[in-house]
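Written out below as structure tokens is the structure these notes cover.
Because the structure is a prediction, the values reported are computed rather than measured. Each chain gets a letter, A, B and so on, in the order the sequences are listed, and its residues count up from 1. Any value given below was found using the heavy atoms of this structure, including those in side chains, with hydrogens, waters and symmetry copies removed.
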Amino acid sequence: MAVVARTIEYIISGELRTSSNGFKKLMGFYHHAVSNPGATYQLDFGSISFFDANMSAILMAILDKLKIDNRNRFQIDEEQINTRCEVLRRNGFISSLNGSSNKDGDIRKSTVQLMTFHPTDADKFVSYIENDFLKHRGLDGKLDEPDAQKIKESYLEIFANVDLHAETNRPLYTCGQYYPTKRQFKFTLTDVGVGFLKKIGQKYPKVKTYEDAIDWALKGHSTKSGTTKGGTGLQGILKYCLQTKGEFHIVSGDCYWVFTGTKIAKFYLERHFCGTTVHLIFRY
Amino acid sequence: MEQKTAYITVIDTIGTPNAILHSFGMKVFDTAKTMVQQNQPIVIDFNGVRNLTSAFLHASVGNLVSLKPASNNLITWQGIENPQWEEKIKDAIELARNPEKQKAIESQINDLFNN
């Protein structure tokens, strides 16, 4: 007898912001799907009231991981997206989900397109940071050249670090959104690797928790074997945020770590994801 | 007998002007390692490089300096016009020769975590 795959309707409602609560909401969905292998999900965005487009980098990473590791399939009502959450069309989320290209782009130019990169695809990542990110209307001309260079190099250091530490051949995901009236620019980079703790903990047994591992990396350490100490790029981003009152979030394992622009806060995540997510919120 | 200087061109060695990955730095290290071990002077040529990270520099220049930390002028470079990159190279060398320097940087960051 043929087994009919179940279809589960899952409602993502309310606000999905660049915050620990936004992350927890996505984790709620991820763990629901993990416990339903092979199920098809109808994602309902009908009661969503706010969606930071950059958070779609995490959502896409989750969907891809569930498709590969858990045999889940996903359906989205595109009409609903058009009326409730059309930023997900403009930023390329819907076209990525459908395996097509976002040929219309973002006519409002408020988003940096959702993009995936292989961890060794250095040239593609450089082009994205130089052309899509730093030349976005939300940043172009608003950063002086030394700051633009610092941000670019910090992201390149983070990218280099994913290749070294994430232990994955799967892609990393990036996406950004510009809020001109709030004078904010939000940018997210997420990978589906092993996170910070595994390699750091192997090399330094005193580092036992994800929180320790994030602190350790931010203090400028690196696990690059056979090399002198270098740093992960995270410290460079932290220094930049310290100087500019920017916001910096790192999520790895059960730790949601935030530099608010003036102080550090940490949140425990009961349900977590693989890999590492980095959010950067520029303010000017 | 004085050994002839060898020139290592970064973009030819790694095949891209984006010298950002640790693995790219290791290609430069692997190319020059034997020369440095045999005290042959090398010049690392950065001409044409568009992007450079410390991850690359620690893997390449830093590792090469670590082979002969007491030898000055064995490893030199050319083609760097960006003063920040010059600083990064010097940092990589400094850290390779003097790991204690890292501790001073860490203590500044530690203050942030302890407050």
Side-chain angles (χ1 to χ4, degrees), chain A residues 117-130 145-150 152-165 211-212 214-236 238-239 241-242 248 257 259 262-264 266, chain B residues 11 14-30 33 49-67 69 82-85 87-88 91-115:
Chain A
F117 302 90
H118 189 272
T120 59
D121 202 349
D123 292 347
K124 183 180 173 189
F125 188 75
V126 167
S127 171
Y128 178 76
I129 293 295
E130 286 181 342
E145 184 53 33
D147 277 348
Q149 190 67 23
K150 269 186 227 162
K152 179 173 81 170
E153 290 189 2
S154 295
Y155 269 112
L156 299 186
E157 298 280 5
I158 290 172
F159 183 77
N161 203 56
V162 171
D163 179 36
L164 262 180
H165 295 157
E211 180 185 334
D212 288 347
I214 293 173
D215 282 352
W216 188 90
L218 281 162
K219 289 172 186 173
H221 299 88
S222 165
T223 60
K224 296 176 181 75
S225 57
T227 71
T228 51
K229 286 179 178 177
T232 57
L234 296 175
Q235 192 189 63
L238 178 60
K239 282 178 183 169
C241 291
L242 194 59
F248 184 26
W257 186 102
F259 177 65
T262 53
K263 62 182 190 328
I264 291 168
K266 296 168 187 176
Chain B
I11 62 167
I14 67 173
T16 168
N18 297 312
I20 66 173
L21 296 181
H22 176 267
S23 55
F24 294 170
M26 290 306 289
K27 283 185 186 174
V28 173
F29 174 73
D30 290 339
K33 182 181 175 184
V49 170
R50 289 190 55 242
N51 289 291
L52 187 63
T53 64
S54 60
F56 174 86
L57 289 170
H58 289 288
S60 55
V61 179
N63 270 345
L64 289 168
V65 169
S66 295
L67 294 173
N82 181 331
Q84 275 83 40
W85 289 5
E87 282 303 308
K88 277 188 178 189
D91 282 348
I93 292 172
E94 180 72 14
L95 286 177
R97 286 198 175 128
N98 179 17
E100 287 76 30
K101 195 188 170 195
Q102 182 69 22
K103 289 181 185 161
I105 299 168
E106 286 163 15
S107 106
Q108 280 180 303
I109 298 289
N110 274 331
D111 289 344
L112 179 66
F113 285 86
N114 295 332
N115 288 332

For this session: Let me know if A:Lys152 has heavy atoms under 4.5 Å from chain B in its side chain, its backbone, both or neither.
Result: side chain
Exercise. Considering heavy atoms only, which positions within residues 122-129 of chain A lie below 4.5 Å of chain B?
Worked result: A:Ala122, A:Asp123, A:Val126
Seminar exercise, completed: The single option from B:Leu21, B:Asn51, B:Leu52 that satisfies side-chain contact (heavy atoms from CB on, under 4.5 Å) with A:Leu156 is B:Asn51
Exercise. Is it the side chain or the backbone of B:Phe24 that comes within 4.5 Å of chain A heavy atoms, both, or neither?
Worked result: side chain
Exercise. Rounded to the nearest 0.5 Å, what separation is found between the CD atom of A:Glu153 and the CD atom of B:Gln84?
Worked result: 7.5 Å
